[in-house]
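Taking it in order: structure first as structure tokens, then the write-up.
Numbering of ligands and ligand atoms starts at 1, following listing order. As a basis for the values below, the full set of heavy atoms in this structure was taken, side chains included, without hydrogen atoms, waters or symmetry mates.
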Amino acid sequence: MRALILDNIEVFCGEILRKSGIEVKQENKLSRDGLKEVISNYEIVIVRSATKIDAEIIELGKKLRLIGRAGVGVDNIDIEAATNKSILVMNTPGGNTVSAAEHTCGMLLSVARLIPQAHAETAAGIWDRKKWMGVELEGKTLAILGFGKIGQEVARRMTSFGMRILVYDPMIPDEFAQTIGVNLSSLEKCFQEADFITLHTPLNSSTRGLVSKKTIEMMKTGVRIVNCARGGIVNEADLAEELTKGKVAAAAADVFEKEPLSQDSPLLKAPHFIMTPHIAASTIEAQSKVATQIALQIGDWISGKEVVGVVNAASLGLVQNLELQAYIELSEKMGSFVAQYVDGQPKQLTVFLSGSMLGKFSDHIISAVLKGIFKIMGEKNIRHNTALAFAKSKGIVIEVNREKSHQDYTDLVRIEYSTELGKSFVSGFVIGKTAQRINMIDEFTCEVKLEKYLLVYKNRDKPGVIARVGARLLRVNKNIANVSLSRNEEKTKALTIISLDSDVDDDVLERIKNVDDDKLLKKRYYDINKKSHPDFFIHNSPNERRESLLFTADLNVAFKTLKDKITRFYYVSELLLGDSVTELKKIDSLMLMQMMQVQEKVDEFIRGNVLRQEVEVEKKNIMEQRVQVERNMDSLSIEFDTVSSIDERIKIIEAIYKQLVMHKYFGSLLESITKALHSNEK
Ligand SMILES: NC(=O)C1=CN([C@@H]2O[C@H](COP(=O)(O)OP(=O)(O)OC[C@H]3O[C@@H](n4cnc5c(N)ncnc54)[C@H](O)[C@@H]3O)[C@@H](O)[C@H]2O)C=CC1
Ligand SMILES: O=C(O)C(=O)COP(=O)(O)O
């Protein structure tokens, strides 16, 4: 396998990859044309932020199997194009967190006191002390927008300056924010109350232009803004104008809409603006961490171990899971169907999922149904991973009911959709791996393919209706591809679904509507058969993310007690943890058995079958083991310093990680023992 390393990534990266048997070429000065010429030779390409791996490069990279990003932001990589070609995209979460956070803190101090401007003037021989009157940070409000790894580290550091911190991040649970000692706020409150604003979100459709003329209007006069996240999150022309007007007292940026910063950027002339050339992650430590991390992750992938840091893992999993893919497409079509079948604005959606596969992917299915609904409402830009949040923002009530199995189907999706004008129920399933069918619409059972052009109508059940509808279609030369007839149990109403080869005009529909005196309920339903685009789930679903965040929060508590000694392992454990809790499974099964036995004893104690004394002994035992785990971590930390080989160091890191997981297990076990002892006392 061959890897191309670009963008001046530290040489360790190549060295570690060579150890995994990969042929490595490091090219630090490759032009775009040069890249286009050689990319077809490589299975792996590794970049920082400078090189764009867009759809064109991906198309040319016929052998590409993995795109590595030695850093965090993946906005320079076309993840959708990569996913469509089953190429893994991997970044190194956490590797440059501290550096980026420290640079941000430097920028916050700089915008408070205009240190670079004062320096430049002093260096030019001007000694003007009056001009450089700054403000203190203490007592001021700092709004952090985006409370991921970097945002959290900035919060920790700026708290020690005595700042009041407000945080906005829609993906962060309150319980988690509280473990860092901050409270979540609304975006409006952040804008309105902040003296300083710092941005730490990725650049995506929800964050592009987050700071613009419109939002600056909501801010205090004299606000100071720092962007060390991504160019594009701040509208540069608007910022320059507001700096000139004095509404924004000072601003700083490490990142720009166009990099290198264009010489005609209005920011170059804006007053009190501080800039650095995208160097927040440029420290010896961060670069050594990200280079090592990406190489180790790729090594794991090559040797078939569980990989972490894959940003499109979920999407790839889905792309490869044909059956789930078919259910996602079906669900989106069902969403489009009900949104056309029932007039009015959506009010409530209840999704019933039967079968183990659908239960596991309920977020995906609900998002797909919503995406289908919104498509019909004209919201074409809603993507699977934003559909749920969008629905909530529109006040749509969403419920999900899961059942492990269904008597007749392995998996079955049913949706109940209500608007202010009506309500409908549709049910569907997949036959084999990919064939999608609707098997119920309201009270009518049927078996229908969701074709591109469907004519759906209800009428009183009487002879002749289908013939007359057929005649009207024939008159305008419309070919009927398929017909499905069904009626209710009382045999009073019939539902007909005609699939056509092409669309019908409104006047034909009007004529069809008049076929029955009892007012035919016509519905035209078409264009739902477009292949659903695999834009879903660049990140884990909100639930998975929440779970992993809470889990990391627990680890944070464990870390606090040992922080001084092992802070430096933090990033590594994050690397091993990745965004999921699956690593827990790696803990020794013996250890797990022991813990289960203790838990069993505690349960028996609660039932009154085990003596209190025995549980007390277990508690003591577990406490001792936990202390031992902490000692192990200390000594492993010392050992880490004494070995120099990378392989040995990796082994030590893995061992430390395992101790961390055990620390968490012992912690929860102790909690449950303590609770049991306590409740029994009462
Ligand atoms: N200037 C530089 O050299 C560096 C820049 N970065 C940038 O910083 C960003 C953040 O990095 P990390 O903290 O490591 O990533 P992270 O993934 O840990 O955190 C990002 C956070 O932003 C939140 N978020 C997403 N959309 C949001 C929205 N619309 N409003 C509010 N919050 C939102 C997410 O929920 C997440 O918690 C990266 O995406 C990258 O673009 C990262 C490292 C170095
Ligand atoms: O990690 C990130 O997101 C960064 O912006 C750092 O970029 P770089 O690797 O220094 O080009």
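Close approach of ligand 1 to M171 (heavy-atom distance below 4.0 Å) involves ligand atoms 35 (O). Short contacts between ligand 1 and G146, defined as distances under 4.0 Å to a heavy atom of the residue, involve ligand atoms 22 (O), 31 (C), 32 (N). Each of the atoms 1 (N), 2 (C), 4 (C), 5 (C) of ligand 1 lies under 4.0 Å from some heavy atom of C228. Contact atoms of ligand 1 toward H278: 1 (N), 2 (C), 3 (O) (distance under 4.0 Å to a heavy atom of the residue).
Taking only non-hydrogen atoms, the option from R230, Q152, H103 nearest to atom 40 (C) of ligand 1 is R230. For atom 39 (O) of ligand 1, the nearest non-hydrogen atom from the set A253, P202, G148 comes from P202. Closest heavy-atom approach to atom 23 (C) of ligand 1 within the set T201, D254, D169: this belongs to D169.
The contact shell of ligand 2, taken as protein residues with any non-hydrogen atom closer than 4.0 angstrom, comprises R48, S49, R69, A70, G71, V72, G73, N96, R230, H278, A281.
For I150, heavy-atom contacts with ligand 1 shorter than 4.0 Å involve the backbone as well as the side chain. Counting heavy atoms under 4.0 Å from ligand 1, residue N96 touches it through the side chain alone. With a 4.0 Å cut-off on non-hydrogen atoms, F147 touches ligand 1 through its backbone and not its side chain. Using a 4.0 Å cut-off between heavy atoms, V255 contacts ligand 1 through its side chain alone, with no backbone atom that close. With a 4.0 Å heavy-atom cut-off, ligand 1 is reached by the backbone of A280 and by its side chain too.
Surrounding CZ of R65 are at most 12 heavy atoms belonging to other residues, nucleotides or ligands under 6.0 Å away. Annotation for K52: atom NZ counts as buried by contact number, over 12 foreign heavy atoms lying within 6.0 Å.
With salt bridges taken as basic N to acidic carboxylate O contacts below 4.0 Å, one links E59 and K85. Between E23 and R2 a salt bridge is recorded (basic side-chain N to carboxylate O distance below 4.0 Å). Using a 4.0 Å cut-off between charged side-chain N and carboxylate O, R156 and E153 make a salt bridge.
Residues meeting the salt bridge (Lys or Arg N to Asp or Glu O under 4.0 Å) test with R230, sequence neighbours left out: D75.
With hydrogens and angles ignored, the 3.5 Å screen pairs a side-chain donor or acceptor of Q152 with a backbone N or O of G148.
The closest approach between a heavy atom of G71 and any atom of ligand 1 is not below 4.0 Å.
Of all heavy-atom pairs between I233 and P202, the closest is CD1-O, 3.9 Å.
Considering backbone and side-chain atoms together, T97 places no N or O closer than 3.5 Å to any N or O of ligand 1.
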Give the C-alpha distance, both sets of side-chain angles, the deciding distance and a yes or no for side chain to side chain contact (heavy atoms under 4.5 Å, CB included) between R164 and L142. CA-CA 6 Å; R164 167 185 173 237; L142 169 66; over 6 Å; no

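When side chains are defined from C-beta on, S212 counts as touching T215, because their heavy atoms get closer than 4.5 Å.
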Which atom pairs, one a donor and one an acceptor, fall under 3.5 Å between side chains of residues 235-242 and the rest of the protein, sequence neighbours left out?
from, atom 1, to, atom 2, distance (Å)
N235, OD1, A237, N, 3.1
N235, OD1, D238, N, 3.0
E236, OE2, E257, N, 2.6
D238, OD2, K213, N, 2.8
E241, OE2, K213, NZ, 2.7
E242, OE2, K245, NZ, 3.4

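Remark: the D33 side chain and the S31 side chain contain no N/O donor-acceptor pair separated by less than 3.5 Å.
Residue pairs satisfying the side-chain hydrogen bond (donor to acceptor under 3.5 Å, both in side chains) criterion with at least one member in residues 103-114, sequence neighbours excluded, are listed as follows: H103-T276.
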